[in-house]
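To keep things clear, I will list the structure first and then write my remarks on it.
The analysis underlying the following values was restricted to heavy atoms, covering all of them including side chains, and did not include hydrogens, waters or symmetry mates. None of the values given here were measured: they were computed from a predicted structure.
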Amino acid sequence: MSRLIDELRKLPGVGSKSAQRLAFHILRTSQTDADLLSAAILNLKATLHLCSVCNNITDVDPCTFCTSPTRSHRTICVLEEPTNIAAVERSRTYNGVYHVLHGTLSPVNGVGPEDLRIGNLLNRLAEADEIILALSPTTEGEATATYLATEIHRTRRDLRVSRIATGVPAGSDIEYADEITLTRAIENRRDL
């Protein structure tokens, strides 16, 4: 039981108490459910891996985005996590390819540039016209965007590097926006 709790604690967002609850839940489930859970984990590890080009999670290498003849391979959208791709795809406005960093710079948490998948992004710059930095507007996201822009321009000065706009979300009331969100909305305003 304690070995299972230790393993469950390694999952993101799972502390000691949650790991303990999960372990006892697994203990109480049927053998069939436990077998299905373990089979799902083993199958995931056996069939999914990271794309060698963009670091997206895929079952084929390179992934379907990287091999698509209908996508623009000249525009690369840089994201923090593979789950961010689904959000961008839902917008139906982006038709380029992706690059997933698997995190952001965070000196407080011991995450430096060597911990992110930046090297293969820099290798892709020769084929690109624009890099879109679609990172969260957090302190870590901003630091990562600044670091990447510097590294990209060090490699290719002529390459366009852009940052997604941030501001007041559509459908929300301006009086509830915090000062940082409102500042960004004003700074990123556009002409009509």
Side-chain angles (χ1 to χ4, degrees), residues 11-13 48-58 61-68 71-172 174 176-190:
L11 296 172
L48 296 181
H49 51 275
L50 298 183
C51 174
S52 60
V53 177
C54 73
N55 307 310
N56 185 20
I57 297 171
T58 182
D61 190 29
C63 74
T64 55
F65 293 112
C66 291
T67 57
S68 173
R71 297 189 84 88
S72 169
H73 292 264
R74 309 287 302 167
T75 306
I76 302 171
C77 182
V78 179
L79 302 166
E80 292 173 28
E81 299 295 341
T83 54
N84 300 151
I85 291 175
V88 174
E89 286 296 301
R90 277 194 306 272
S91 76
R92 297 182 184 176
T93 57
Y94 180 71
N95 194 38
V97 292
Y98 297 99
H99 187 86
V100 183
L101 297 173
H102 289 269
T104 54
L105 296 174
S106 179
V108 172
N109 295 318
V111 179
E114 65 284 351
D115 299 310
L116 302 179
R117 290 175 167 81
I118 296 172
N120 58 342
L121 171 63
L122 298 177
N123 292 336
R124 299 173 69 189
L125 299 182
E127 306 298 319
D129 291 330
E130 180 180 9
I131 304 295
I132 301 170
L133 301 176
L135 307 173
S136 298
T138 60
T139 304
E140 292 85 359
E142 294 295 335
T144 305
T146 301
Y147 177 83
L148 286 174
T150 301
E151 290 301 307
I152 291 166
H153 284 133
R154 185 175 294 153
T155 304
R156 265 197 64 200
R157 284 208 164 276
D158 64 322
L159 187 58
R160 180 177 182 207
V161 179
S162 61
R163 181 91 167 91
I164 59 169
T166 57
V168 180
S172 68
I174 206 166
Y176 300 114
D178 63 89
E179 60 273 1
I180 294 172
T181 302
L182 205 47
T183 299
R184 293 234 172 90
I186 292 169
E187 289 173 351
N188 295 317
R189 68 189 183 278
R190 60 186 175 91

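The minimum heavy-atom distance between Leu105 and Thr144, with the atom names listed, is N-OG1, 2.8 Å. Of all non-hydrogen atoms in Cys54 and Cys51, the two that sit nearest each other are N-SG, 3.5 Å. Here the shortest heavy-atom pairing between Pro82 and His102 reads CG-CE1, 3.5 Å.
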Worked check of side-chain contact (heavy atoms from CB on, under 4.5 Å) between Ile76 and Glu130: CA-CA 6 Å; Ile76 302 171; Glu130 180 180 9; over 6 Å; no

Residues Leu79, Leu135; criterion side-chain contact (heavy atoms from CB on, under 4.5 Å); working and verdict: CA-CA 6 Å; Leu79 302 166; Leu135 307 173; 5.6 Å; no

Test side-chain contact (heavy atoms from CB on, under 4.5 Å) applied to Leu101 and Val78, step by step: CA-CA 7 Å; Leu101 297 173; Val78 179; 3.7 Å; yes

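Side-chain contact between Val161 and Leu133 is present, with heavy atoms from C-beta onward closer than 4.5 Å. Looking at heavy atoms from C-beta onward, Ile131 lies out of side-chain contact with Leu148 at the 4.5 angstrom threshold. In this structure the side chain of Tyr94 reaches within 4.5 angstrom of the side chain of Thr75, judged on heavy atoms. Residues Thr138 and Thr104 have side chains not in contact (no heavy-atom distance under 4.5 Å, counting atoms from C-beta outward). Between Asn56 and Tyr98 there is no side-chain heavy-atom pair separated by less than 4.5 Å.
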Could you list the donor-acceptor pairs under 3.5 angstrom formed between side-chain atoms of residues 114-122 and any protein atom two or more places apart in sequence or on another chain?
| residue | atom | partner | partner atom | Å |
| --- | --- | --- | --- | --- |
| Asp115 | OD2 | Gly112 | N | 2.9 |
| Asn120 | OD1 | Asn55 | ND2 | 3.4 |
| Asn120 | ND2 | Val53 | O | 3.3 |
| Asn120 | ND2 | Asn55 | OD1 | 3.3 |

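In this view, Asp61 and Ser52 satisfy the side chain to side chain donor-acceptor pair (under 3.5 Å) rule, not counting sequence neighbours.
The CG atom of Leu50 sits 10.5 Å away from the SG atom of Cys63 when rounded to the nearest 0.5 Å. In this structure, OG on Ser68 lies 7.0 Å from CG on Asn95, to the nearest 0.5 angstrom. To the nearest 0.5 Å, the span separating CG on Asp129 from NE2 on His73 amounts to 13.0 Å. With rounding to the nearest 0.5 angstrom, the OG1 atom of Thr155 is 10.0 Å from the NE2 atom of His153.
Within the structure, ring-ring contact (aromatic ring centres under 6.0 Å, His included) contacts touching residues 114-152 (residues at least two apart or in different chains) do not occur. For residues 135-153, the salt bridge (Lys or Arg N to Asp or Glu O under 4.0 Å) pairs, not counting sequence neighbours, are Glu142-Arg163, Glu142-Arg184, Glu151-Arg154. Residue pairs that meet the salt bridge (Lys or Arg N to Asp or Glu O under 4.0 Å) test with at least one member in residues 81-103, sequence neighbours left out, are Arg71-Glu89. Applying the salt bridge (Lys or Arg N to Asp or Glu O under 4.0 Å) rule to pairs touching residues 94-105 yields nothing, sequence neighbours excluded.
In the displayed structure, Arg160 atom CZ is contacted under 6.0 Å by at most 12 heavy atoms of other residues, nucleotides or ligands.
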